[in-house]
There are 2 protein chains.
Amino acid sequence: MASDTKTALLDFAEQAARARGFDGFSYADLAKSVGIRKASIHYHFPTKAELSEALMDRYHETISAKCAEITASSEKASDRLLGLVNLYRTALNEGKTLCLCVSFTASHQSLSDAVNAKISAFRSAIVKWLQSVFALGKDDASISGVSEPQLEAFATLAVLEGAHLAARADEDVAVFDQAVAVLVARCK
Amino acid sequence: MASDTKTALLDFAEQAARARGFDGFSYADLAKSVGIRKASIHYHFPTKAELSEALMDRYHETISAKCAEITASSEKASDRLLGLVNLYRTALNEGKTLCLCVSFTASHQSLSDAVNAKISAFRSAIVKWLQSVFALGKDDASISGVSEPQLEAFATLAVLEGAHLAARADEDVAVFDQAVAVLVARCK
DNA sequence: GTCTATATCAGGATAGAC
DNA sequence: GTCTATCCTGATATAGAC
């Protein structure tokens, strides 16, 4: 079926982009993974720019849905924060893949304006969600030492993404855990 | 002179690598910038892998020297920490370039084992320096809320690198400032 | 040390048959 | 929707003259 091929292409492209960056995977790689010829990929995604836009759109939706899930299933702010930390931890795949946002941000110069705009929008959405978590954490006192919720949100996204990079450098998820340990310790 | 050409090549290569990533610059780019033919670059750096090793070596030395300078010129732990924050802030070049370590870490898959080992070593050195700063900060009380110095060091490097990424995404140094605001506020 | 010339390969993309 | 065939460009790298 056509849509299955499209989904398979997105799946492989996302893994490849997260493992090797936007410049690090090619239509030839995807063709081999999915089992069709590289020219056929252009039927589904005429250009690599359009493919990467589709990638960001799907990624944004997926993560937003997971954040909504976390919100729905946790009452305490600390549990919500730990839920996001765990989401990032899982995305590491034992240090083999970054999250798409970190990978694409590093590839900034190679990406279309449209994709870069989507990355900014994604970041804003995550920060907004984190901000509400810290605001709640200030109220329910489940997160210690909360100052300004918005600034805590900016700092937290930075720590998570920086921890991803550090873990990727050593291909070791334990490095991620070390980098977020101070943050995790604030959760009661 | 020969060595001037070599230095010029390293200078341009570093800027290019930080702006566009390891996969994002070529010998043709360097040739144009330095004013020689691309084949001539191979006289100085036979392969791109050797060029990137030289880049990391020089980068490690440069940053280590700057850290030593900061240590020498500041008594208080908070001033040392702020000195490093400012070093990273400057390296952003108004959001146009990442630091070499972040850029190369994201290019992990494309780099030689030798370069990746140098990146790990560089990270360890920075963490070690930060750890000593936080240990001092616990003693002189110039940094508030210090828990375990080593964990604070890991978290701080992550915040700095994550803040770099965030600022790069929007090409706006103000985004860096927002991401490190909580850290800076701990400095007395 | 730098040049010209070239080898080799891989990238994204298109045309047109089936 | 997928194929074969092809185009064009640009990448790293080498050989050998100057």
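In what follows, every chain begins at residue 1, and chains take the letters A, B, ... in the order their sequences are listed. Just so it is clear, the structure is predicted and the values come from calculations on it, not from any experiment.
Between the side chains of B:Thr47 and B:Glu50, at least one donor N or O sits under 3.5 Å from an acceptor N or O. No side-chain N or O of B:Ser64 forms a donor-acceptor pair with one of B:Trp129 less than 3.5 Å apart.
A:Asp140 places a side-chain N or O within 3.5 Å of a backbone atom of A:Ala77 that can act as its donor or acceptor partner. In this structure, the side chain of A:Ser103 engages the main chain of A:Ala17 through a donor-acceptor pair within 3.5 Å. Within the 3.5 Å criterion, the main-chain N or O of A:Val115 finds no donor-acceptor partner in the side chain of A:Ser52.
Contact annotation: B:His44 side-chain N/O to C:dT2 OP1/OP2 distance is under 4.0 Å. For A:Ser40, a side-chain nitrogen or oxygen approaches OP1 or OP2 of D:dC3 to under 4.0 Å. A close approach under 4.0 Å does occur between a side-chain nitrogen or oxygen of B:Thr5 and OP1 or OP2 of C:dT2. At D:dT2, none of the side-chain N or O atoms of A:Tyr43 fall inside 4.0 Å of OP1 or OP2 (strictly under the cut-off).
Distance, A:Tyr27 OH to C:dC9 P: 25 Å, rounded to whole Å. Between A:Lys48 atom NZ and C:dG12 atom P there is a gap of 5 Å when expressed in whole angstrom units. Counting to the nearest Å, the P atom of C:dG1 and the CZ atom of B:Phe45 are 12 Å from each other. Rounded to whole Å, the distance from NE2 on B:His42 to P on C:dA7 is 16 Å. Look at CG on B:Asp4: it is 15 Å from C1' on C:dT2, rounded to the nearest Å.
Listed by residue number, A:Ile36, A:Arg37, A:Ala39 are the residues of residues 28-39 of chain A with a heavy-atom contact under 4.0 Å to DNA chain D. The stretch residues 17-26 of chain B touches DNA chain D through B:Phe25, B:Ser26, each having a heavy atom under 4.0 angstrom from the strand.
Annotation: salt bridge (Lys or Arg N to Asp or Glu O under 4.0 Å) contacts of B:Glu14 (sequence neighbours excluded): B:Arg18, B:Arg58. Scanning for salt bridge (Lys or Arg N to Asp or Glu O under 4.0 Å) contacts around A:Lys66 gives an empty result, with sequence neighbours left out. Looking at residues two or more places apart in sequence or on another chain, you find a ring-ring contact (aromatic ring centres under 6.0 Å, His included) between B:Tyr59 and B:Phe122.
Sequence neighbours left out, the pairs with a member in residues 148-171 of chain B that pass side chain to side chain donor-acceptor pair (under 3.5 Å) are A:Gln109-B:Arg168, A:Ser120-B:Asp170, B:Lys96-B:Glu171, B:Arg123-B:Glu161, B:Ser147-B:Glu152, B:Glu152-B:Arg186.
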